[in-house]
Chemist: 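Could you have a look at this structure, given as structure tokens, before my questions?
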Amino acid sequence: MFAVSTVPDIESVGVVGGSLGGLFQAVALAELGLDVTVWERSAGRPDDRGAGIVLQPSVAWFLSTFCDVDPDRISVPVTHRQFFARDGRSHHTLMRQQMISWGAIYKSLRDRLDSARYHDGQSVTALTPRRDAVDIHVGDAVHSVHSVDLAIIADGSASRHRGLVAPDRAPHYAGYVAYRGVIDETDLPAELSAVFRDRFSFYDGEHTQFLCYFIPGDFGAVAPGSRRMNWVWYVRADAAGLDRITTDRDGTAYGLSLPPGLIAPQVHAELLDRARTLLPEPLRRLVEGTREPFAQAILDGRVGRMRQGRMLLTGDAAFVVRPHTAASAEKAAADAITLFTALQQLPSMDAALAAWEKNRLAEGTALYRHGIDLGQRLGLNDPTPTTATGAGRTL
Ligand SMILES: Cc1cc2nc3c(=O)[nH]c(=O)nc-3n(C[C@H](O)[C@H](O)[C@H](O)COP(=O)(O)OP(=O)(O)OC[C@H]3O[C@@H](n4cnc5c(N)ncnc54)[C@H](O)[C@@H]3O)c2cc1C
């Protein structure tokens with residue numbers, strides 16, 4: 001049961017996009033007693049073949065405080081970082097972390113939100129700001145308009161509505177891709193599984209990095225045998241290479257990512273060849289043991305503002321930071337916690353939204369820069385952006 005709203009000037013909130021960024025906001029704002037509605041373009045429960053996420057403090061705090069979920073129960077602990085050399089030897093250092101999955105976070109948030117507040121399969125086609133409200137236009141064929149006091153734009157890195165708040169700020173391709181894979185624990189040979197148990201494993205090669213760790217299985221399952229191995233392999237690719245990688249086996253071009261199960265046979269064969277040539281043996285075996293590798297383009301995106309009147313940008317619709325920061329989900333959770341705190345503590349909506357924007361712009365900008373620095377240190381950044389490799393290409 002949520003409290004009655006105590007927020008000045010706001011009773012209703014519309015959230016555009018019902019992935020993690022939108023859900024963090026929806027759950028936190030509902031907790032303030034606001035009447036929250038989420039519209040999500042995709043229909044149905046999302047597939048939980050999704051990848052792993054390093055559990056960071058804001059996500060953990062959010063889950064335990066707002067979702068009544070103990071994050072330790074839906075995450076996999078690691079005790080050490082393990083660093084491989086090309087010949088397969090490794091050394092390790094003590095570093096305790098918790099690994100969670102996209103699906104485990106998603107389920108915790110969705111379970112907390114009344115299903116009447118979440119409309120999936122419904123695309124937001126436009127937002128129209130008015131004096132003290134925003135009209136949210138939903139659907140094409142069957143069109144409806146909903147007037148809300150505050151609109152949260154959480155429609156991701158390819159945001160359609162970002163320009164209402166931050167014009168000309170589309171993210172651009174950083175010049176490399178992340179191949180990714182998940183393998184059910186039961187499909188891993190026991191001796192290979194033992195190599196990675198309790199470890200966050202890395203291999204840094206020339207212009208490449210591979211990392212892997214165990215994550216929960218379906219929607220947070222952590223019982224032995226139900227977990228999954230999750231790996232990520234950063235590989236440079238020029239614009240033509242990106243297009244090849246993200247064009248599926250039937251010739252359909254996906255642009256910036258390739259979903260599991262669709263990789264073209266030639267691209268898959270090249271991935272396996274590259275693994276045999278470049279990777280230490282245990283990591284090569286992970287790539288070989290993955291039935292449905294998938295891929296995503298690495299993007300850089302920053303905005304100069306996150307608020308326009310009663311419209312806010314959150315999550316990847318605002319800043320797209322490199323995965324090396326392990327902070328994208330964390331940033332989305334912190335966006336929501338900071339807004340919750342500002343609305344709860346500051347005397348007016350304007351003061352709260354202004355303080356929120358200042359805080360989130362500073363943190364987003366710092367993370368954006370940190371991600372680019374990490375890419376540079378790993379030798380992944382393109383030395384000649386906007387030239388032959390296509391780095392710098394805007395979405
Ligand atoms: C493959 C992959 C791996 C990742 N791994 C990590 C990781 O290891 N660590 C980490 O911290 N982060 C990771 N991330 C990023 C992390 O998941 C996101 O940063 C976080 O979920 C916040 O995203 P978001 O909700 O802002 O955007 P998204 O997750 O992109 O969601 C946007 C949502 O908006 C919906 N939408 C778009 N347009 C409309 C519209 N017009 N109307 C209604 N709905 C719309 C989309 O369908 C989508 O559900 C990963 C992301 C991907 C794709």
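Not measured: the values here are computed from a predicted model. One-based numbering, in listed order, for ligands and for the atoms of each.
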Chemist: Between Gln296 and ligand 1, which residue portion shows a heavy-atom distance shorter than 4.0 Å: side chain, backbone, both, or neither?
Modeler: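 Side chain only; the backbone of Gln296 stays clear of ligand 1.
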Chemist: Counting from 1, what ligand 1 atoms have a heavy atom of Ser42 closer than 4.0 Å?
Modeler: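 Those atoms are 47 (O).
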Chemist: What atoms of ligand 1 come within less than 4.0 Å of a heavy atom belonging to Gln122?
Modeler: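 By the 4.0 Å cutoff, the relevant atoms are 43 (C).
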Chemist: Looking at non-hydrogen atoms alone, which of Ala329, Ala178, Ala332 comes nearest to atom 11 (O) of ligand 1?
Modeler: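 When every heavy atom of Ala329, Ala178, Ala332 is considered, Ala329 comes closest to atom 11 (O) of ligand 1.
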Chemist: Nearest to atom 42 (N) of ligand 1 by heavy atom, Val124, Leu23, Ile53: which?
Modeler: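 Minimum heavy-atom distance to atom 42 (N) of ligand 1 goes to Val124.
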Chemist: Going by the atom numbers of ligand 1, which of them fall below 4.0 Å from some non-hydrogen atom of Leu20?
Modeler: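 Every atom of ligand 1 under 4.0 Å from some heavy atom of Leu20: 21 (O), 25 (O).
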Chemist: Would you kindly specify which portion of Arg180 sits under 4.0 Å from ligand 1, judged on non-hydrogen atoms: side chain, backbone, both or neither?
Modeler: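 Side chain only; the backbone of Arg180 stays clear of ligand 1.
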Chemist: Using a 4.0 Å cut-off to any heavy atom of Trp39, which atoms of ligand 1 qualify?
Modeler: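 Every atom of ligand 1 under 4.0 Å from some heavy atom of Trp39: 43 (C), 44 (N).
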Chemist: By number and element, which atoms of ligand 1 are closer than 4.0 Å to a non-hydrogen atom of Gly52?
Modeler: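 Heavy-atom distances to Gly52 below 4.0 Å select 5 (N), 7 (C), 8 (O).
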Chemist: Before signing off on this row, confirm whether Glu330 and ligand 1 have an N or O atom pair separated by under 3.5 Å.
Modeler: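 In this structure, Glu330 places no N or O atom under 3.5 Å from an N or O of ligand 1.
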Chemist: Taking distance alone, with N or O pairs closer than 3.5 Å, would you say Glu40 contacts ligand 1?
Modeler: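 Yes - when backbone and side-chain N and O of Glu40 are compared with those of ligand 1, one distance drops under 3.5 Å.
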Chemist: Could you tell me if any non-hydrogen atom of Gln56 lies under 4.0 Å from any atom of ligand 1?
Modeler: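 It does not, in that no heavy atom of Gln56 comes within the 4.0 Å cut-off of ligand 1.
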Chemist: Pick whichever of Ala333, Pro323, Ala154 has a heavy atom sitting closest to atom 32 (C) of ligand 1.
Modeler: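 Among Ala333, Pro323, Ala154, the closest heavy atom to atom 32 (C) of ligand 1 comes from Ala154.
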